[in-house]
Amino acid sequence: MAVKLSVNVNKIATLRNTRALEIPSVVGLARIALETGAAGITVHPRPDQRHIRPQDVLDLAELVKQFAEREYNIEGNPFYGYWELVEKVRPTQCTLVPDTVEQATSDHGWDLRMNGEKLRPVIAELKGLGARVSLFMDADSPDLEKAKELGADRVELYTEPYASAFAEGGEARQQAIELFTQAAQRAGAVGLEVNAGHDLNLENLPALVWALPELQEVSIGHALIGDALEYGMGETVRKYLDACRTNR
Ligand code: PXP
């Protein structure tokens with residue numbers, strides 16, 4: 001079975017927010033992703049609203065509802081302004097990330113020895129809202145299995161170390177594939193499902209999908225949006241050239 005692709009639309013909002021215009025349209029492009037067969041949409045609303053705004057979260061929830069069996073995944077730190085939106089839209093999946101407010105992007109998983117007992121009631125409450133709960137974890141975390149005992153359904157493996165080792169190639173690539181294979185097996189052995197995300201792209205994704213039969217879902221933003229600009233550029237320039245040829 002194919003791994004499910006959840007398209008992270010944060011970067012569309014980043015571009016949109018540079019003008020007081022609705023261009024590009026976050027909902028419009030998410031719709032294209034869903035129409036093309038993406039299994040879901042991911043957002044990571046942050047307290048400073050630097051990309052996804054609260055209204056986007058609500059609008060995207062309405063959009064996803066129009067597509068049968070598609071999922072809405074909301075990432076965020078449950079201890080910083082996460083609840084209000086989650087309670088309102090009741091997403092399919094809550095991916096809990098230990099980000100600080102200022103952090104540019106997620107760059108590590110949870111330390112469950114330090115935060116486990118704080119997370120336990122949060123996980124229970126989110127599950128009470130009907131959401132699947134996934135914890136963002138490092139593949140080399142000694143606590144990976146503890147996510148299960150805390151009540152989580154899944155772990156999302158933080159794949160930046162895989163992506164950079166893959167780019168390096170050779171031994172580093174092999175070691176990273178081995179590490180992530182073992183992490184997915186450890187998670188699977190205690191009954192956790194496995195997601196993955198961060199810095200995945202068209203080059204490094206196939207090897208991860210191949211190596212991790214436990215992998216359920218990948219959420220991809222940065223590279224996918226970059227590729228969308230590149231692969232859509234030719235067609236778009238053709239349309240503008242047509243507009244320039246308007247008879248006068
Ligand atoms: N997973 C988590 C928890 C993230 O914070 C992000 C970035 O928002 C992603 C996945 C997607 O990463 P990328 O934009 O590099 O594809």
Side-chain angles (χ1 to χ4, degrees), residues 3-15 17 26 29-30 33 38-53 56-57 60 71-82 85-86 91-111 115 119 126 131-139 141 144 147 152-167 180 183-184 187 193-206 208-209 212 215-230:
V3 169
K4 291 188 169 162
L5 170 66
S6 187
V7 175
N8 178 319
V9 295
N10 291 351
K11 284 284 149 71
I12 300 167
T14 303
L15 183 55
N17 293 355
V26 174
L29 288 162
I41 297 297
T42 292
V43 290
H44 192 151
R46 292 178 185 266
D48 63 5
Q49 298 182 27
R50 74 180 91 132
H51 39 64
I52 291 295
R53 298 168 178 155
D56 294 321
V57 178
L60 288 165
E71 299 201 346
Y72 195 24
N73 177 39
I74 304 190
E75 301 170 346
N77 187 324
F79 306 116
Y80 300 119
Y82 183 71
L85 285 169
V86 164
T92 331
Q93 180 170 271
C94 292
T95 300
L96 306 184
V97 183
D99 282 5
T100 58
V101 175
E102 315 75 39
Q103 216 166 301
T105 185
S106 319
D107 64 3
H108 60 281
W110 288 101
D111 176 343
N115 299 293
L119 282 169
L126 291 172
R132 182 198 302 133
V133 178
S134 179
L135 298 185
F136 195 53
M137 298 293 295
D138 296 311
S141 165
L144 204 55
D153 305 287
R154 292 191 182 184
V155 286
E156 178 181 325
L157 299 176
Y158 169 50
T159 45
E160 190 284 330
Y162 162 76
S164 51
F166 187 92
F180 278 77
E193 293 185 310
V194 179
N195 292 344
H198 224 285
D199 292 297
L200 294 176
N201 60 38
L202 285 174
E203 283 76 42
N204 61 34
L205 181 59
L208 192 76
V209 170
L212 274 56
L215 192 58
Q216 296 280 325
E217 175 193 290
V218 288
S219 68
I220 307 185
H222 187 83
L224 188 150
I225 303 305
D227 287 342
L229 293 177
E230 188 176 330

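Whatever order the structure lists them in is the order used to number ligands and atoms, beginning at 1.
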Contact check, side chains of [X] and [Y], non-hydrogen atoms, under 4.5 Å:
X    : Y    : result
F166 : L200 : no
V133 : L96  : yes
H44  : I52  : no
D199 : Y162 : no

Step through the shown structure and confirm whether more than 12 heavy atoms of other residues, nucleotides or ligands are within 6.0 Å of NE2 on H108.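 Yes, because the 6.0 Å sphere around NE2 of H108 holds more than 12 heavy atoms from other groups.
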
Do N73 and T95 have side-chain atoms, one donor and one acceptor, less than 3.5 Å apart?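 The answer is yes; a qualifying pair exists.
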
Report yes or no: do N10 and E75 form a side-chain donor-acceptor pair below 3.5 Å?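 Looking only at side-chain atoms, E75 and N10 do not form any donor-acceptor pair under 3.5 Å.
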
Out of D199, L96, V218, who is nearest to atom 15 (O) of ligand 1 when you count heavy atoms only?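 Among D199, L96, V218, the closest heavy atom to atom 15 (O) of ligand 1 comes from D199.
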
Tell me whether [X] reaches ligand 1 (any heavy atom closer than 4.0 angstrom to a ligand atom).
X    : result
A223 : no
L200 : no
V97  : yes

Could you list the atoms of ligand 1 found under 4.0 angstrom from a heavy atom of [X]?
X    : answer
I220 : 16 (O)
H44  : 5 (O), 8 (O)
N10  : 8 (O)

What is the nearest protein non-hydrogen atom to [atom], stated with its residue, atom name and distance?
atom                    : answer
atom 5 (O) of ligand 1  : S106 OG, 2.4 Å
atom 16 (O) of ligand 1 : G221 N, 2.8 Å
atom 11 (C) of ligand 1 : S219 O, 3.8 Å
atom 8 (O) of ligand 1  : N8 ND2, 3.3 Å
atom 4 (C) of ligand 1  : E75 OE1, 3.2 Å
atom 6 (C) of ligand 1  : H198 CD2, 3.6 Å
atom 14 (O) of ligand 1 : H222 N, 2.8 Å

Is E156 close to ligand 1, meaning an N/O of one under 3.5 Å from an N/O of the other?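 Yes; the residue has a nitrogen or oxygen that sits under 3.5 Å from a nitrogen or oxygen of the ligand.
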
Would F136 count as being in polar contact with ligand 1, using the rule that some N or O on each side must be under 3.5 angstrom apart?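 No - when backbone and side-chain N and O of F136 are compared with those of ligand 1, no distance drops under 3.5 Å.
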
Salt-bridge present (R46, D48; N to O < 4.0 Å):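 Result for this pair is no, no salt bridge flagged.
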
Is the closest basic N to carboxylate O distance between K4 and E217 below 4.0 Å?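 A salt bridge is absent here (no side-chain N lies under 4.0 Å from a carboxylate O).
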
The single option from Q216, E156, Q93 passing side chain to side chain donor-acceptor pair (under 3.5 Å) against N195: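 For N195, the side chain to side chain donor-acceptor pair (under 3.5 Å) test succeeds with only one of Q216, E156, Q93, which is Q93.
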
